[in-house]
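Throughout, protein chains are lettered first and strands after them, A, B, ... in sequence-line order, and every chain is numbered starting at 1. FYI, side chains are in, hydrogens and waters are out, and symmetry mates aren't considered; it's all heavy atoms of this structure.
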Amino acid sequence: MAAARSCNGYARREGPPSPKLGTEKPRVSAGSGGSGDGWRGERPRSEEDNELSLPSLAAAYTTILRALGEDPERQGLLKTPWRAATAMQFFTKGYQETIADVLNDAIFDEDHDEMVIVKNIDMFSLCEHHLVPFVGKVHIGYLPNKQVLGLSKLARIVEIYSRRLQVQERLTKQIAIAITEALQPAGVGVVIEATHMCMVMRGVQKMNSKTATSTMLGVFREDPKTREEFLTLIRS
Amino acid sequence: MPYLLISTQIRMEVGPTMVGDEHSDPNLMQFLGATKRNMLGNHFWEYYVNDAPRIVLNKLESCGYRVVSMTGVGQTLVWCLHKE
């Protein structure tokens, strides 16, 4: 378990082999070792781990309640440690899944090379610094290179990475990298706009502020016109 | 291989400078101190140096390359060089 524990990072890459356009691309197989995330990631948590760690999580929440000055024995809080533990496991269920699980059957060879955009994907994540939610929308666009992805799978990729202890910048990049590694498209663009409860409920307490991050790869990075088309389409 | 294209983006006072593509002369790339890389998302390899373009142009002149033309493409500055 310790060896497979995810740091929710991604390995620094020296430079992947460049795929030759027009030749058949091998599907990336799951579990082929390597970094702790993405295609080759091992699942750092399983359903079994969830059940085994639930009692200790609940006990930890009881300790927290007591340390906060509450009485865990009062009626309203009796089952709270268990509920909070289950909820936290749900909020971090992204650690139980890998991209390969989700995507292997949904990559299709299609002679399509125009932009595909899925926008306004709702995203709920946890700030890793305060363990407080940040909530927003994700817009994804990519230019296929003879391979397209099932549209719901883009939302599933967002789910896998957002249901973790996250930083918005890293989340954006992980989504873009996952799509790039899966499809080797001509380019990928990911834009996230989110409201961070850690800024709304505490600290500076600015309710109307939003954080926007973007990652552009391939032609989305190199070609201003492609980027402009993507940004225009997600705005409208 | 008489022709060479080097480019930089936004400001010419600072690098990185792109000095070659996948099929560039490896000896020349080594002379310039260039590193080969494939940026994530791109389907091509490129050679780059961290030096400003002026440094690269001076190095290339010392081995016989002369600037033929220069242009700007969007925010990219491109120099075309040729060696007799």
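- For the atom pair B:Leu40 CG and A:Ile177 CD1, the distance stands at 5.5 Å (nearest 0.5 Å).
- More than 12 non-hydrogen atoms from other residues, nucleotides or ligands lie less than 6.0 angstrom from CZ of B:Arg66.
- No more than 12 heavy atoms of other residues, nucleotides or ligands shown are found within 6.0 angstrom of CD on B:Gln75.
- The 12-atom threshold is not exceeded at CG of A:Asp111, counting heavy atoms of other residues, nucleotides or ligands nearer than 6.0 Å.
- With sequence neighbours excluded, no residue satisfies side chain to side chain donor-acceptor pair (under 3.5 Å) with A:Ser214.
- Within the model, atoms CE of B:Met39 and CD of A:Glu222 stand 7.0 Å from one another, a figure rounded to the nearest 0.5 Å.
- Residue-environment remark: CZ (A:Arg221) stays at or below the threshold of 12 foreign heavy atoms within 6.0 Å.
- Within 6.0 Å of CG in A:Asp105 there are 12 or fewer heavy atoms belonging to other residues, nucleotides or ligands.
- Heavy-atom neighbours of chain B within the stretch residues 187-203 of chain A, taken at a separation under 4.5 angstrom, are nonexistent.
- Side-chain N or O atoms of B:His43 include one that pairs as donor or acceptor with a backbone N or O of A:Pro185 at under 3.5 Å.
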